[in-house]
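Inspection log for the structure reproduced underneath, given as C-alpha cells.
Below, chains carry the letters A, B, ... as their sequence lines are ordered, and counting in each starts from 1.
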2 protein chains.
Amino acid sequence: MGTPQLTKNQSLVMGALAHSDGPLSAYTILDKLRDQGFRAPLQVYRALDKLLEYGLVHRLESLNAFVACTCPHEHEHDHGVTAFTICEGCGQVTEFHDEAIEQRLSALVRAQSFKTEKTTIEIRGHCKSCA
Amino acid sequence: MGTPQLTKNQSLVMGALAHSDGPLSAYTILDKLRDQGFRAPLQVYRALDKLLEYGLVHRLESLNAFVACTCPHEHEHDHGVTAFTICEGCGQVTEFHDEAIEQRLSALVRAQSFKTEKTTIEIRGHCKSCA
DNA sequence: TCGCACACGTTATAGCATAACGCAATTGAT
DNA sequence: ATCAATTGCGTTATGCTATAACGTGTGCGA
Ligand SMILES: [Zn+2]
Ligand SMILES: [Zn+2]
Ligand SMILES: [Zn+2]
Ligand SMILES: [Zn+2]
C-alpha cells in the first residue's frame, strides 16, 4: 500500500501546500483554489483527509493549519513521531524526528498501559532570524 | 507573583473544570454555567485566559478543549513541559511530565537556534480500560 | 447488468474564537 | 479627595474552522 495516484482535487490541494512557504488553513487553501474551480470547504477537507492518510501532509493542531511533509524519505512507511517548531514571528515551520524522544514517549505511555494512535509535538516560539 | 485571588467568573470556570472528569470545551463550560448567570462565550474565554496564565488550566490543542491542571505541586513556578495522553474511548486525560523528554527537546531546538515559548505534547489513543 | 466503492458538488449547519463597544470597580499616585 | 490607569465585566456582532446530509457520476468486479 504505497501512495495511490492523487485525484485532481487532491493534487491541487497538495500543490497549494507544497508551493507555500508556510502552513495554510483549509479556508486559505480554498481561496487559493477558487480559480481552479473550488467552491466549498468540503472539497478542501476531503482532499486533506486523504493527503493526511497518505502521510503527504501534516496537520498542525495548535494552528488549525496544514503543511506539506518535508520528510526526505519516501512515504511508503509510517514515519514515526513527527515534531515541529513553529515560529510566531515569520510562520516558518520545521519538521523533525527524533528516535530518543519517540522511545522515551513510548516507554512512558506503556507504563500507563496506554495504546498510542497519534502523537502531536509542536513547539511554538521564535526562530533564529526572529529572535 | 503567585496565583492571585480568583474573580467570581474565574472561580466558576475553574470549578466547572475541576469537577469534570474530562476536558471541556469553552461552549460546554458556558452551558454548565448558564444557571450561574453566564450568557456569552467571552465570559468563559476571558476567565480561561487568566486561568491558563496562572497555570491552573491547560488547553488541549488537538481537542480545542480545556482541563484543570492535575500537578500535585503548587503553581508558584512554571511546571516545565506538560504532556497528555488522551483516550479516544472514554475521554480520560492524563497529564504527565518527564525531565528526559524536556531536556532532549531542549537540545534539539537549541540546535536549530530556536527559542521555545510553549511546548505541546498530546498523545491520542486508548487507555488500558478502552483497549 | 447489477451492485459497490469512491470521488465529487452543493447547501446548510454546527462548533470554536475574537472584535469592538461601553460600563463599573479597584488601585495608586498626586 | 481626585484623577488616571488598570482590570474585570456584559453585550452584540462577527469571523474562522469543520462536518452533516443529500444527491450525482464514474469505474470496476461479481
Ligand atoms: Zn513528515
Ligand atoms: Zn521566524
Ligand atoms: Zn499541569
Ligand atoms: Zn479510555
Side-chain angles (χ1 to χ4, degrees), chain A residues 1-17 20 22-54 56-67 86 88 91 118 120 122 124, chain B residues 1-17 20 22-54 56-67 86 88 91 118 120 122 124:
Chain A
M1 169 235 141
T3 300
Q5 184 65 21
L6 298 185
T7 67
K8 178 157 178 269
N9 283 4
Q10 288 160 18
S11 294
L12 286 167
V13 170
M14 189 68 221
L17 285 170
S20 164
L24 299 176
S25 77
Y27 278 72
T28 302
I29 294 171
L30 174 59
D31 286 338
K32 282 183 183 294
L33 295 180
R34 287 208 187 271
D35 292 346
Q36 275 68 44
F38 273 50
R39 314 283 312 162
L42 260 177
Q43 296 176 275
V44 178
Y45 282 109
R46 290 204 271 232
L48 284 172
D49 282 346
K50 287 298 181 183
L51 296 172
L52 288 166
E53 179 186 328
Y54 302 154
L56 298 175
V57 162
H58 297 290
R59 175 185 170 81
L60 299 174
E61 301 288 352
S62 68
L63 243 40
N64 292 328
F66 304 84
V67 284
I86 303 170
E88 313 264 3
K118 176 156 195 293
T120 298
E122 296 176 17
R124 305 282 291 267
Chain B
M1 170 231 137
T3 299
Q5 184 66 22
L6 298 184
T7 66
K8 179 159 177 266
N9 283 5
Q10 289 160 18
S11 294
L12 286 167
V13 170
M14 189 67 221
L17 285 170
S20 164
L24 299 176
S25 78
Y27 278 72
T28 303
I29 294 171
L30 174 58
D31 286 338
K32 283 184 183 294
L33 295 180
R34 288 208 187 270
D35 293 345
Q36 275 68 44
F38 274 50
R39 314 283 312 164
L42 260 179
Q43 298 176 273
V44 178
Y45 282 109
R46 290 204 271 231
L48 283 172
D49 282 346
K50 286 299 181 182
L51 296 172
L52 288 166
E53 179 185 328
Y54 303 153
L56 298 175
V57 162
H58 297 290
R59 175 183 170 82
L60 299 174
E61 300 289 353
S62 68
L63 242 41
N64 292 330
F66 304 84
V67 284
I86 302 169
E88 313 264 5
K118 177 158 194 292
T120 298
E122 296 177 17
R124 306 282 291 267

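Atom CZ of B:Phe38 sits about 9.0 Å away from atom CD1 of B:Ile29, to the nearest 0.5 Å.
OP1 or OP2 of D:dG8 sits under 4.0 Å from a side-chain N or O of B:Lys50. Using a 4.0 Å cut-off, some side-chain N or O of B:Thr7 falls inside it from OP1 or OP2 of D:dC9. The side chain of A:Asn64 places an N or O atom within less than 4.0 Å of a non-bridging phosphate oxygen (OP1 or OP2) of D:dA18.
As rounded to whole Å, 9 Å separates atom C1' of C:dT10 from atom CD of A:Gln43. Taking atom CG of B:Asp49 as the reference point, atom P of D:dC9 lies 12 Å away to the nearest angstrom. Rounded to an integer number of Å, the gap from CZ of A:Arg39 to P of C:dT11 is 9 Å. Spacing between atom CG of B:Leu33 and atom C1' of D:dG10 amounts to 15 Å, rounded to whole angstrom units. Taking atom CD on A:Glu53 and atom P on C:dC6, their separation rounds to 10 Å, with Å as the unit. Rounded to whole Å, the distance from CD1 on A:Ile29 to P on D:dC16 is 15 Å. Regarding A:Asn9, its CG atom lies at a distance of 11 Å from the P atom of C:dT10, rounded to whole Å. The distance from atom CG of A:Leu63 to atom P of C:dA17 is 13 Å, rounded to the nearest whole Å.
Across D:dT17, C:dT10, D:dG8, the shortest atom-to-atom separation from the side chain of A:Leu42 is found for C:dT10. Among C:dA7, C:dA17, D:dT19, the nucleotide with an atom closest to any side-chain atom of A:Tyr54 is C:dA7. In the set C:dT18, D:dA18, C:dT10, D:dA18 carries the atom at the smallest distance from any side-chain atom of A:Ala26. In the set C:dT10, C:dC16, D:dT17, D:dT17 carries the atom at the smallest distance from any side-chain atom of A:Ser25. Of all nucleotides listed (D:dA18, C:dG9, D:dC9), C:dG9 comes nearest to the side chain of A:Arg46.
At least one donor-acceptor pair closer than 3.5 Å links the side chain of A:Arg124 to the backbone N or O of A:Ser62.
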Go through the steps to decide whether A:Lys50 and A:Thr7 satisfy the test side chain to side chain contact (heavy atoms under 4.5 Å, CB included), and finish with yes or no. CA-CA 10 Å; A:Lys50 287 298 181 183; A:Thr7 67; over 6 Å; no

Does the pair B:Asp31 and B:Arg34 meet the rule for a salt bridge (Lys or Arg N to Asp or Glu O under 4.0 Å), with working shown? CA-CA 5 Å; B:Asp31 286 338; B:Arg34 288 208 187 270; 3.2 Å; yes

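Summary of the strand contacts: B:Pro41 and A:Arg59 both lie near DNA chain D, and taking for each the nucleotide with the nearest heavy atom, the more 5' one is attributed to B:Pro41.
In terms of polar N and O atoms assigned as donor or acceptor, the side chain of B:Tyr27 comes within less than 3.5 Å of the base of C:dA17 in a complementary pairing.
Closest of all the heavy-atom pairs between A:Leu6 and A:Ser11 is CB-OG, 3.4 Å.
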